[in-house]
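To start, the structure itself, in structure tokens.
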Amino acid sequence: MRIGIHTSIAGSLERSVLKAVEFGANTFQIFSTSPRQWRASPLAPSQIVLLQKAREKYDLYPLVIHDNYLINLASCTEELRQQSMMAFRGEIERALAIGAEYLVAHPGNCKGHSVEEGMYSVIRSLAEASQGLNTEKLTVLLENTAGAGAQLGCRLEELTVIRQFTMEQTDLKIGYCIDTCHCHVSGYGMTADAVEKSVAEIDRILGLENVPVIHANDSKTPFNSHLDRHANIGDGYIGKDGFRAILNHPKLSDKAFILETPHDEEAAGKKDVATLKELSQQKATKRAR
């Protein structure tokens, strides 16, 4: 099973790989540049080579890039939409240069406009951002959201519409990234007694074959709260029992589980990776008995 964590590229791209290894991960996620600045720092070709060699040495696959927090592809204000589209084009270009398998994107928010207008902006932005680029080796993953304010992607049906129309207009491959915290707080329960129903619903609407990555995050806020607050594994409303059910679900065994939990101290990240590994093996151990 692929279990990983978000790591920092501060210092060098290679360092993000080495930190993932230290955490005990075999997959990982990074930002390709500062997530809170419009201006992106250029990536040195020598650093890209070192990252790729380190990934191969330590068998860290897949590599997931998360897009910049400032990007709002759903904006119906043309100036911001254009700025977001160009920033996302940069994300695609860096993902291709690095050799990342996946690029995760939040759909964004359409404050002051209808959901339909917001979805149209996302579709248009994705088409423009990928125009002229050979994206054959990259898949963009639309991430479900907590649904606060005017966020798109709280309802999974919105993601399917964006995927369908984007793929009709472009060669860009589109899939989905499911966040367990976002699911739980937007009405798709992730506790042990709710996982089976929610996974069936996700499969019905999105198709689990289109979900290669799952963000494994516990939730600081309760079911259907629409508040995006990540907690360490076992410290939130999903709990260890919920993650045990998620990790051992037969339809999720081939997914890459990536932590975005708080780990200002290194020990917290190592603990969360170790906890996911332990929980993923517990059901099998019980059967063996």
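Between the side chains of Arg2 and Thr27, no donor-acceptor pair of N or O atoms lies under 3.5 Å. For the residue pair His66/Gln29, the side-chain donor-acceptor check at 3.5 Å is not satisfied.
Linking ILVMFWY side-chain heavy atoms closer than 4.5 Å, directly or via other members, places Leu141 and Ile92 in two distinct hydrophobic clusters. The cluster map of Ile, Leu, Val, Met, Phe, Trp and Tyr, joined by side-chain heavy atoms under 4.5 Å apart, puts Phe28 and Leu13 in the same cluster. Hydrophobic clustering places Leu103 together with Leu142 (ILVMFWY residues linked when any side-chain heavy atoms are closer than 4.5 Å, directly or through intermediates).
More than 12 heavy atoms of other residues, nucleotides or ligands sit less than 6.0 Å from atom NZ of Lys173. Under a cut-off of 6.0 angstrom, the local environment of CD in Glu209 is crowded, with over 12 non-hydrogen atoms contributed by other residues, nucleotides or ligands. Within a 6.0 Å sphere centred on CD of Glu117, other residues, nucleotides and ligands contribute more than 12 heavy atoms. The environment of OH in Tyr120 is sparse: at most 12 heavy-atom neighbours from other residues, nucleotides or ligands sit within 6.0 Å. By the neighbour-count criterion of 12 heavy atoms within 6.0 Å, atom CD of Glu168 is densely surrounded, having more than that number from other residues, nucleotides or ligands. Crowding of Asp171 atom CG: a count of heavy atoms from other residues, nucleotides or ligands under 6.0 Å not exceeding 12. Counting non-hydrogen atoms of neighbouring residues, nucleotides and ligands closer than 6.0 angstrom, the CD atom of Gln131 reaches no more than 12 such neighbours.
Aromatic pair His263/His6: centroids not less than 6.0 angstrom apart.
Rounded to the nearest 0.5 angstrom, Thr180 OG1 and His182 NE2 are separated by 8.5 Å. Rounding to the nearest 0.5 Å gives a distance of 11.0 Å between CG of Asn68 and CZ of Phe88.
Checking side-chain atoms of Ser219 against main-chain N and O of Thr221 turns up a donor-acceptor pair under 3.5 Å. Judged by distance alone, the side chain of Thr160 and the main-chain N or O of Leu206 form no donor-acceptor pair under 3.5 Å. At least one donor-acceptor pair under 3.5 Å links the side chain of His184 to the backbone N or O of Met190. Remark: side-chain polar atoms of Ser121 are paired, donor with acceptor, to backbone N or O of Ser75 under 3.5 angstrom. Side chain of Thr135 to backbone of Leu138: no donor-acceptor contact under 3.5 angstrom is found. A donor-acceptor pair under 3.5 Å is formed between the side chain of Ser84 and the backbone N or O of Asn72. Without hydrogens or angle criteria, Gln52 side chain to Ile98 main chain gives a donor-acceptor distance under 3.5 Å. Under the 3.5 Å distance criterion, the side-chain polar atoms of Lys277 are matched with a main-chain donor or acceptor of Gly24. At least one donor-acceptor pair under 3.5 Å links the side chain of Ser186 to the backbone N or O of Cys183.
A side chain to side chain contact (heavy atoms under 4.5 Å, CB included) with Cys181 is found for one member of Asp218, Asp228, Thr261 and no other, namely Asp228. Evaluated for a side chain to side chain contact (heavy atoms under 4.5 Å, CB included) with Phe23, the options Leu18, Leu259, Asp272, Val273 yield exactly one hit, Val273.
Ion pairing between Arg89 and Glu93 holds under the 4.0 Å rule for side-chain N and carboxylate O. In this structure, Arg81 pairs ionically with Glu78, as a charged nitrogen and a carboxylate oxygen lie closer than 4.0 Å.
A pairwise comparison of heavy atoms in Gln151 and Ala146 identifies OE1-N, 3.6 Å as the closest pair. Nearest heavy atom pair, residue Gly108 against residue Ala74, reads C-CB, 3.7 Å. Nearest heavy-atom pair across Val17 and Ala54 is CG1-CB, 3.6 Å. Lys220 and Tyr237 make their closest contact through O-CE1, 3.2 Å (heavy atoms, listed as atom of the first residue, atom of the second, distance). When all heavy atoms are compared, the tightest approach of Thr33 to Arg94 is CG2-NH2, 3.6 Å. For Gln169 against Ala127, the heavy-atom pair with the smallest separation is OE1-CB, 4.3 Å.
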*For Glu56 and Lys53, what are the C-alpha separation, side-chain angles and deciding distance, and is it a salt bridge (Lys or Arg N to Asp or Glu O under 4.0 Å)?*
CA-CA 5 Å; Glu56 185 175 352; Lys53 287 183 176 179; over 6 Å; no

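The hydrophobic cluster containing Tyr69 also includes Phe31, under a criterion of side-chain heavy atoms closer than 4.5 Å among ILVMFWY residues, counted directly or through chains of members.
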